[in-house]
Amino acid sequence: MIQLLRYMLFPFAVLYGIVVRVRHLAYDKRVLKSVQFEIPTICVGNVSVGGTGKTPMVEYLIRNLQENYKIGVVSRGYKRKTKGLVMADTTSTVYDLGDEPFQFWKKYPKISLVVNADRASGISHLLALPQPPEVILLDDAFQHRKVEAKINVVLTAYGNLFTDDWLLPTGNLRDVVSRVQQADVIVVTKCSPHISQQERKKIATQIRQKEHQSVVFATIAYGEKVISANQSVYLEEFIKLPFLLVTGIANPIPLLNFLNKCGATFEHLNFADHHHFSETEIEKLKQSPRVLTTEKDYVRLESRLSDIFYLPIETVFIDKTEEATFWKILDLQRKS
């Protein structure tokens with residue numbers, strides 16, 4: 001029924017595409033102005049509404065860059081309860097920053113992080129600090145043309161490539177496929193660790209990469225342990241007993257597949273991406289003695305549930321060749 005409704009809304013997808021293309025044309029013709037900063041700026045984004053692994057990719061960049069550079073992160077702070085520009089500090093909460101930026105800030109407190117819908121203003125604020133960043137990461141900003149990043153990293157999920165999708169509301173694309181031509185590197189995320197060279201070539205051909213672009217392949221690595229506020233438990237021990245899995249992310253299917261492959265027995269409660277849990281929902285969750293969630297959901301739930309665990313994830317490139325290609329494009333010194 002939902003799929004039928006999406007097809008019925010196809011005329012609105014066409015109209016949406018016209019509006020998006022006109023907007024891009026205005027920037028391309030300099031009718032609308034973009035700002036470029038001298039400092040290295042790396043934009044991590046996509047052309048879909050979510051589920052491509054932007055958060056673990058930003059964390060991957062922070063981990064590999066923070067030993068050699070002072071890192072600044074600019075994010076919109078989606079579904080936060082504050083307005084305007086907010087600079088992260090020791091008093092910041094998930095409601096001040098939004099779940100993903102708060103996750104960055106909590107894990108990597110040495111970064112400078114600001115949330116602001118106006119990315120250019122956010123960058124300017126960071127550069128005015130007494131100790132300004134040396135590299136700035138733009139979280140989910142590929143569609144925001146006000147800032148012209150030095151490097152554009154565009155993500156697309158294996159099994160759900162942007163080339164197989166449609167614009168909203170018929171599909172899940174929030175930007176036109178032609179926009180991907182402006183990417184410097186396209187990362188196909190959530191691949192099988194054993195994806196063949198033949199399949200990689202097939203996907204690169206399907207994406208229609210341009211001469212200036214590289215297509216590289218990455219997977220998601222799940223942690224060996226699940227973590228709570230006061231303990232960590234090996235996953236293989238945790239899943240010996242049934243548990244409740246709670247997700248509020250764009251695409252929980254890879255996590256479900258992973259847990260099922262591990263032989264876990266669980267009930268799954270699925271919520272919309274960035275879901276703010278109501279008191280009624282929290283009370284329901286408290287009835288379960290064992291709750292597992294994602295790291296992004298954990299930062300919204302940890303203060304409201306006393307016994308909840310999360311399963312960490314990381315972006316991992318398929319092999320060293322893919323990773324070397326990625327860093328050659330970024331042209332920055334990474335962790336040795």
Side-chain angles (χ1 to χ4, degrees), residues 33-46 52-78 80 82-155 182-185 187 218 295-296 299 314-315 317 323 326-336:
K33 303 296 184 182
S34 296
V35 179
Q36 187 175 72
F37 294 85
E38 290 300 319
I39 185 172
T41 50
I42 304 171
C43 171
V44 177
N46 59 19
T52 58
K54 292 187 302 296
T55 300
M57 175 56 75
V58 173
E59 291 188 354
Y60 168 85
L61 289 170
I62 295 172
R63 283 196 308 275
N64 281 276
L65 290 171
Q66 66 177 356
E67 287 187 7
N68 299 310
Y69 305 94
K70 184 168 177 54
I71 305 298
V73 177
V74 180
S75 181
R76 175 186 173 187
Y78 186 65
R80 61 191 167 107
T82 54
K83 302 292 184 181
L85 188 149
V86 178
M87 183 79 190
D89 59 29
T90 54
T91 66
S92 297
T93 69
V94 65
Y95 303 107
D96 299 324
L97 305 177
D99 49 17
E100 291 162 346
F102 184 72
Q103 181 177 322
F104 301 148
W105 173 244
K106 184 178 179 181
K107 291 178 74 172
Y108 305 103
K110 292 183 179 181
I111 66 173
S112 300
L113 184 143
V114 66
V115 292
N116 195 7
D118 185 340
R119 267 63 168 198
S121 175
I123 294 174
S124 297
H125 184 83
L126 291 179
L127 295 180
L129 294 174
Q131 293 183 310
E134 299 166 302
V135 175
I136 288 181
L137 306 179
L138 298 172
D139 171 39
D140 194 18
F142 188 58
Q143 72 277 19
H144 297 284
R145 298 286 303 271
K146 285 187 177 181
V147 174
E148 186 177 342
K150 293 288 181 68
I151 297 292
N152 283 300
V153 178
V154 171
L155 312 182
Q182 305 305 314
D184 297 282
V185 57
V187 184
E295 191 168 4
K296 190 170 83 168
V299 298
E314 289 186 0
T315 288
F317 283 90
E323 191 168 34
F326 180 80
W327 283 101
K328 183 178 180 181
I329 293 166
L330 265 56
D331 194 25
L332 291 169
Q333 183 181 355
R334 63 174 167 133
K335 178 175 65 175
S336 58

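Hydrogens, waters and symmetry mates are skipped; everything else that's a heavy atom, side chains included, is used. The first residue in the sequence is number 1, and the count goes up from there.
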Sequence-distant partners of Asp96, side chain to side chain contact (heavy atoms under 4.5 Å, CB included), two or more places apart =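 Here the qualifying residues are Thr82, Ser92, Thr93.
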Q.
Could you check whether Lys54 pairs with Glu100 (Lys NZ or Arg NE/NH1/NH2 to Asp/Glu carboxylate O, under 4.0 Å)?
A. no
Taking the side chain as C-beta and beyond, is there a heavy-atom pair between [X] and [Y] under 4.5 Å?
X: Val153; Y: Phe326; result: yes
X: Glu59; Y: Glu314; result: no
X: Val114; Y: Met87; result: yes
X: Val73; Y: Tyr108; result: no

Is there a side chain to side chain contact (heavy atoms under 4.5 Å, CB included) between Ile42 and Leu332? Walk through the geometry before answering. CA-CA 11 Å; Ile42 304 171; Leu332 291 169; 3.6 Å; yes
If you measure from [atom1] on [X] to [atom2] on [Y], what distance do you get to the nearest 0.5 Å?
X: Arg63; Y: Lys107; atom1: CZ; atom2: NZ; result: 6.5 Å
X: Leu113; Y: Ile62; atom1: CG; atom2: CD1; result: 8.0 Å
X: Ile39; Y: Ile123; atom1: CD1; atom2: CD1; result: 8.5 Å

N/O donor-acceptor pair under 3.5 Å between [X] side chain and [Y] backbone:
X: Asn46; Y: Thr52; value: no
X: Lys110; Y: Ile71; value: no
X: Trp327; Y: Gln333; value: no

What is the minimum heavy-atom distance between [X] and [Y], and which atoms define it?
X: Asp184; Y: Asn152; value: OD2-N, 2.7 Å
X: Glu38; Y: Lys150; value: O-NZ, 2.8 Å
X: Pro101; Y: Leu97; value: CG-O, 3.4 Å
X: Gly122; Y: Leu85; value: CA-CD1, 4.2 Å
X: Arg80; Y: Asn116; value: NH2-CA, 3.9 Å
X: Ser34; Y: Arg145; value: OG-O, 2.6 Å

Please determine whether the number of non-hydrogen atoms from other residues, nucleotides or ligands lying under 6.0 Å from atom OH of Tyr69 exceeds 12.
yes
| request: Before giving the answer on side chain to side chain contact (heavy atoms under 4.5 Å, CB included), spell out for Arg119 and Lys146 the whole-Å C-alpha distance, their side-chain angles and the decisive distance to 0.1 Å. | output: CA-CA 7 Å; Arg119 267 63 168 198; Lys146 285 187 177 181; over 6 Å; no
Compile the donor-acceptor pairs under 3.5 Å between side chains in residues 127-143 and protein atoms, sequence neighbours left out, one pair per line.
| residue | atom | partner | partner atom | Å |
| --- | --- | --- | --- | --- |
| Glu134 | OE1 | Lys70 | N | 2.7 |
| Asp139 | OD2 | Ser75 | OG | 2.9 |
| Asp140 | OD1 | Arg174 | NH2 | 2.4 |

